[in-house]
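Input: a single structure, listed below in C-alpha cells.
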Amino acid sequence: MARSIADAVFDNVDSVKAQLGWTLEGRYSVTSYRSAAAVLAQRAPEELAAILRILDRFTISASEIRSPGGNRMSATTRFADLTAAEGFHQEVRIEADLTVRLRAGKGEHAREVDRILREDYIHNHLVDFWRGRVAFDYEWNSKDQTYDRDLYAFRSFFEAGVIDVGVIVTRALSNDFFLSLGYCLDKHGRETGNTVAAKFGASTTGTHKLISRIAAGRSGGCPVLVFGILPGNVTDYTTESPDELPGLSN
C-alpha cells in the first residue's frame with residue numbers, strides 16, 4: 001500500500017514546535033515541508049527569531065476583517081511595517097542571465113568552442129520580504145493562484161542559491177469563523193448586506209489550498225515553513241453562533 005505524500009515530505013508537528021521554541025499555540029498553526037523548521041533554526045537562527053517576534057507582535061481585529069480592504073488592508077500594512085522594523089527588505093525581485101560554455105576535449109584547459117548567453121534565464125520573480133537566507137511572504141485574501149506564484153518564486157531563489165528556506169504567513173480560518181462575523185462594514189463602519197463569508201470565498205487563500213500545492217512539489221526542493229493565522233490571533237472576536245447574529249438566523 002502506498003504511503004501518503006504528507007508522510008514523506010511534511011515534518012512531525014511536535015518536533016517542528018520543539019525546533020522553533022514554539023510559544024504561539026492557539027494563535028498560529030505551523031506546517032514544515034522538507035525540514036524547513038530545522039533548516040531555519042540551524043542556517044538562519046537570527047531570521048527565525050525575527051520572524052517569531054513579528055508573529056508575536058502581529059494581530060488582526062475582527063473589525064478589520066469586516067471592513068473594506070482595497071488593495072492593502074490596514075493589518076497587511078501593519079505586518080509589512082513589522083517586517084521592515086526587523087530588517088527585512090520588501091518586494092525583492094530575482095533576475096539572472098545564464099552563460100553557457102561549450103569546450104572541446106578533456107581537462108580544465110580544454111578549448112572553448114562556443115558560448116551562449118541566455119538573457120532573463122530567471123526573470124523577475126518577487127517575494128514580499130527577504131533577509132539573509134530567507135524569503136518571506138504574507139498572503140491574507142488573494143486568489144489562491146497567488147500561492148503558485150509564491151512557491152515558484154521560492155523555487156527560483158532557492159535554485160539560484162540565494163535562500164535556504166521560504167516562509168509563508170497566511171490564514172487558517174474556517175468558513176464557520178467568517179460566518180460568525182456576520183456582515184461586512186462599509187468605509188463608515190456601517191453594516192452592509194454582504195456577509196463576511198462571501199468576501200472570503202472558496203477560491204481565495206487559505207492554508208489548505210497552500211499545503212496541497214506544496215505537497216504537489218510546486219516549490220521544488222525548497223523547504224517551506226507555513227504559519228496559519230488562527231482565531232486566537234484575532235482581537236475583538238466573540239465565539240457566538242452564527243444563528244445568534246442579527247440577520248443570519250434560519
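This is a predicted model, so every value here is computed, not measured.
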Just verifying a value: how many Å separate [X] [atom1] and [Y] [atom2], rounded to the nearest 0.5 Å?
{"X": "Arg171", "Y": "Tyr138", "atom1": "CZ", "atom2": "OH", "value": "10.0 Å"}
{"X": "Leu82", "Y": "Leu55", "atom1": "CG", "atom2": "CG", "value": "9.5 Å"}
{"X": "Asn124", "Y": "Arg93", "atom1": "CG", "atom2": "CZ", "value": "4.5 Å"}
{"X": "Trp130", "Y": "Phe136", "atom1": "CH2", "atom2": "CZ", "value": "15.0 Å"}
{"X": "Leu98", "Y": "Asp120", "atom1": "CG", "atom2": "CG", "value": "11.5 Å"}
{"X": "Ile116", "Y": "Asp114", "atom1": "CD1", "atom2": "CG", "value": "5.0 Å"}

Carefully, step by step, assess Thr192 and Leu185 under the rule side chain to side chain contact (heavy atoms under 4.5 Å, CB included). CA-CA 6 Å; Thr192 70; Leu185 304 176; 5.8 Å; no

Determine, stepwise, if the pair Asp236 / Ser63 fulfils side-chain hydrogen bond (donor to acceptor under 3.5 Å, both in side chains). CA-CA 7 Å; Asp236 70 6; Ser63 300; 2.9 Å; yes

Give the minimum heavy-atom separation between [X] and [Y], together with the two atoms involved.
{"X": "Arg131", "Y": "Gly87", "value": "CD-O, 3.8 Å"}
{"X": "Gly26", "Y": "Leu230", "value": "O-CB, 3.6 Å"}
{"X": "Lys143", "Y": "Thr205", "value": "O-CG2, 3.9 Å"}
{"X": "Ala135", "Y": "Val127", "value": "CB-CG1, 3.9 Å"}
{"X": "Leu20", "Y": "Leu48", "value": "CD2-CD1, 3.6 Å"}
{"X": "Val16", "Y": "Ser32", "value": "CG2-CB, 3.5 Å"}

Applying salt bridge (Lys or Arg N to Asp or Glu O under 4.0 Å), which residue pairs with at least one partner in residues 201-211 are found, sequence neighbours left out?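 Those involving residues 201-211 are Asp144-Lys209.
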
Tyr147 ring centre to Arg213 NZ or CZ under 6.0 Å, with the angle to the axis within 45°? no

Ionic contact status for [Y] with [X], cut-off 4.0 Å:
{"X": "Glu191", "Y": "Arg66", "answer": "yes"}
{"X": "Glu47", "Y": "Arg133", "answer": "no"}
{"X": "Asp56", "Y": "Arg27", "answer": "yes"}
{"X": "Arg118", "Y": "Asp97", "answer": "no"}

Can you check whether Phe157 and His125 have ring centres sitting under 6.0 Å from each other?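 For Phe157 and His125, the ring centres are not under 6.0 Å apart.
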
Are the ring centres of Phe177 and Tyr237 closer than 6.0 Å? yes

Determine, using the 4.5 Å side-chain heavy-atom cutoff (strictly less than), whether Val165 and Val13 are members of one ILVMFWY cluster.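 Different clusters.
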
Would a 4.5 Å heavy-atom cut-off, applied to side chains only, mark [X] and [Y] as touching?
{"X": "Thr235", "Y": "Ile60", "result": "no"}
{"X": "Asn194", "Y": "Tyr183", "result": "no"}
{"X": "Asp150", "Y": "Glu139", "result": "yes"}
{"X": "Gln90", "Y": "Thr83", "result": "yes"}
{"X": "Phe10", "Y": "Ile214", "result": "yes"}
{"X": "Phe58", "Y": "Asn233", "result": "yes"}
{"X": "Val226", "Y": "Val30", "result": "no"}
{"X": "Val134", "Y": "Leu40", "result": "yes"}

Check step by step if side chain to side chain contact (heavy atoms under 4.5 Å, CB included) holds for Phe227 and Val167. CA-CA 8 Å; Phe227 295 108; Val167 177; 3.8 Å; yes

State whether the number of non-hydrogen atoms from other residues, nucleotides or ligands found under 6.0 Å of Glu46 atom CD is greater than 12. no

Which word best sums up how the rings of Phe200 and Phe178 line up, parallel for under 30°, tilted for 30 to 60°, or perpendicular for over 60°? parallel

Side chain to side chain contact (heavy atoms under 4.5 Å, CB included), that's the test. Do Ile168 and Leu210 meet it? Break it down for me. CA-CA 9 Å; Ile168 298 183; Leu210 172 58; 3.9 Å; yes

Determine whether a donor-acceptor pair (N or O, by modelled atom type, separation under 3.5 Å) exists between the side chain of [X] and the backbone of [Y].
{"X": "Arg34", "Y": "Val9", "value": "no"}
{"X": "Thr204", "Y": "Asn141", "value": "no"}
{"X": "Ser35", "Y": "Ala38", "value": "no"}

Is it the case that the side chains of Tyr33 and Asp11 hold a donor-acceptor pair, with the cut-off being a distance below 3.5 Å and no angle test? no

Glu25: side chain to side chain donor-acceptor pair (under 3.5 Å) partners, not counting sequence neighbours: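 Partners of Glu25 by the side chain to side chain donor-acceptor pair (under 3.5 Å) criterion, ordered by chain and then number, come out as Lys17, Trp22.
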
Which residues share a side chain to side chain donor-acceptor pair (under 3.5 Å) with Arg115, sequence neighbours left out: Glu112

